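Just so we're on the same page: letters track the sequence lines, and every chain starts at 1. Computed from a predicted model, the values in this text were never measured in an experiment. Just so you know, these numbers use all the heavy atoms, side chains as well, and skip hydrogens, waters and symmetry mates.
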Amino acid sequence: MRGLTRKMSSPVRSPFRRDLTGLKESDVTTYIVRRLLQSIVVLLLVSIFVFLAIRLMPGDPIKLMVYESNLTGLSPQQLADLRHEYGLDKPLALQYLDWLGGVLQGNLGISVFTKTPVAKEIFRRLPITFEIGLWSLLLSIVIGVPVGIISAVRRGTWIDQLVVTLSNIGVTIPVFWLGVILMLVFSLYLKWLPVMGFTPLTEDPGMHFKQLVMPVICSSLFSVAALARQTRSSMLEVMHQDYIRTAWSKGLNENAIIFKHALKNGLIPVITTLGLSARGIVGGSTVVETVFSIPGMGRLLVSAVSNLDYAYVQGIILIIAATVVAINVLIDIVYGWADPRIRYS
Amino acid sequence: MSSNETTWTDKSETPPRASEWRRFRRVFFGRRVVVFGTVIIGFLVLMAIIGPWIAPYDPIKINLRERLQDPSWQHWLGTDNYGRDILSRIIYGARTSLQIGLLSVGLASIVGMILGGVAAYYGGWIEAIIMRFIDALMSIPVVVLALVIAALLGGGETNVIIALSVSQMPQYARLMAGQVVSVKENDYILAVKSLGANDWRILFNHLFTNSVAPLIVQFTLTLGGTILAEATLSFLGIGIQEPTPAWGAMISNAREYLMDHPLLSIAPGVAIMLVVFGFNMIGDGLRDALDPRLRGRL
């Protein structure tokens, strides 16, 4: 999709323009700076969006808290005091500025329910989510890309058929269902892996990795399939081009053609898919961590969302959006570096 | 391009010529998986329509005397922990999935098309504002966005539809914006403009109709994804609430009995997979048959 957006929006918005004149160092710096500024605007919009969405929705956190902790006997005055304590009685714009000011200082607010700073808990859980995410991304690349290449090179053979079929199935499997099925087979029947949970690396490295196997498989499933599909189709496109035919006709061997000539162009669109995969993996953490009871950020979001715990929901979404935006900037830079024909402008 | 001709015949769209239709059929049904996908979706639609007449049992009636039964002639797929017939719940679940999928993708595509079309047609600050807003929405993963919106609105069918359509909308806005940018500089648009057509007329009668092919493909492909997302929300307990039969919630509910009654978890999952697979294959087939240039882009 990103490749598409870039192509479609070209004369107007595209940061890159096809040009064979090569690129200057200063262009790159300007481009990166502009891209970062754009990202800040996007993140500000996300923060406004999240803030407003949460404040304008039905459901009052103070009433909910009172209800949850069986404090229904509170007088209206006491309720008002509570509201004041959490700053919920100020005008919306002020509440937003207060919150944003805090965010910029690393203070994401205090949970109405646990009465503890939200940032501390989120940053405690963030490494767990990132670890699973990084392993999943790595696994997707290590499996998806080579499989896609083989499939394209051996087009029409049984290997290709198998890859196409499996990747078509791969993008349809519900992640949570796969988790349940893996648990059934590998934990309950075969008893090879622990059912669920999480053990820190420092406590028991063996257990740590055993417990990560199934979550990583689940969260990488979609991107393995998507990367294989994208690699296959872009490799096929490249293999049809004139310069590859020339390489064949001048008698180069297959390996040289594939690895030296086709791969360099064939993998460029794959970079874009990688960005989408990373976004999917970040989003999938909610599901995977819930299925396998992993105390990461994703599961925290699911429980915060069910409790309408504003501070957590806002904080986690901001961090997720920041991660995705950072990945996108990185992808765009890598994209320009990988394809010197496109110029930063 | 044939679009130039349809421009003049205006609203009474000329039906595609017989040969075009034949070509479409040949390409579309040329691949066996596409035929398979079409059969699955045909079956799904049938289930959704005639489900209430063919389902053997009431999908929400609790019958504790028959709880957690294994498959038998009375209950082909067994019963759940409330004694409800699994097959009947899956049949009714088809209706839930299809209804939510169609409504949310429909809403998403209408709003997205208008936003994207307006942004690209007018350009300037209108485009800047709309597209930044779209960028912001796109920086939040679909599942997360849908989860948060559905939860804040309070769950239930209508709210799930709103949540899913907000999270799918940006894709349509971007697609539409790209289409409009590539079409609006054409001479025939200038011609229509010089004949005195106003902006809305150009947008709706000319720019939108020229983007039908990619939008139909996108529509089919997102249907699968949306049904998957709906199942995910229901699994997380934030989508469709009990006792309405929803495939995602059925899997979530069955987890406790995974060891002794695995079929309770397996069956709804297979249903979800088949349906998503079906829509994806039809989408692929439509793409190849309507506009092969979209290959690799959608």
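Both the backbone and the side chain of F277(B) come within less than 4.5 Å of a heavy atom of chain A. Proximity to chain A (any heavy atom under 4.5 Å) is shown, for L258(B), by both the backbone and the side chain. At a 4.5 Å heavy-atom cutoff, L274(B) makes no contact with chain A through either its backbone or its side chain. Contact annotation for V143(B): only side-chain heavy atoms (C-beta onward) come within less than 4.5 Å of a heavy atom of chain A. Proximity to chain A (any heavy atom under 4.5 Å) is restricted, for I238(B), to the side chain, taken from C-beta onward.
For R229(A), there are no salt bridge (Lys or Arg N to Asp or Glu O under 4.0 Å) partners, not counting sequence neighbours.
At a heavy-atom separation below 4.5 angstrom, chain B is approached by N168(A), I169(A), V171(A), T172(A), I173(A), P174(A), F176(A), W177(A) within residues 167-177 of chain A. For a heavy-atom cut-off of 4.5 Å, chain A lies close to S265(B), I266(B), G269(B), V270(B), I272(B), M273(B) in residues 263-273 of chain B.
Using modelled atom types, no side-chain atom of R279(A) and backbone atom of V142(B) make a donor-acceptor pair closer than 3.5 Å. Judged by distance alone, with hydrogens and angles left aside, the side-chain atoms of R132(B) form no donor-acceptor pair with the main-chain N or O of Q38(A) at under 3.5 Å.
Separation of atoms OG (S303(A)) and CG (L236(B)) is listed at 11.0 Å; rounding is to 0.5 Å.
Counted within 6.0 Å of CZ on F36(B), heavy atoms from surrounding residues, nucleotides or ligands total 12 or fewer; the atom is thus considered open. Annotation for Y122(B): atom OH counts as buried by contact number, over 12 foreign heavy atoms lying within 6.0 Å. Summarising the local packing, CZ of F222(A) is surrounded by 12 or fewer heavy atoms from other residues, nucleotides or ligands at distances under 6.0 Å.
Put simply, of S139(B), P262(B), A136(B), A254(B), the one with the most heavy-atom pairs under 4.5 Å next to chain A is S139(B). Contact count versus chain B (heavy atoms, under 4.5 Å) is highest, among T286(A), V180(A), L43(A), for V180(A). Most heavy-atom pairs under 4.5 Å with chain B, from the set V282(A), V325(A), I317(A), V313(A): that is I317(A).
Listed here is the closest heavy atom pair of G283(A) and P141(B): CA-CB, 3.5 Å.
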Show which side-chain atoms of residues 182-197 of chain A pair as donor or acceptor with protein atoms under 3.5 Å away, not counting sequence neighbours.
residue: S187(A); atom: OG; partner: L193(A); partner atom: O; Å: 3.2
residue: K191(A); atom: NZ; partner: L188(A); partner atom: O; Å: 3.0

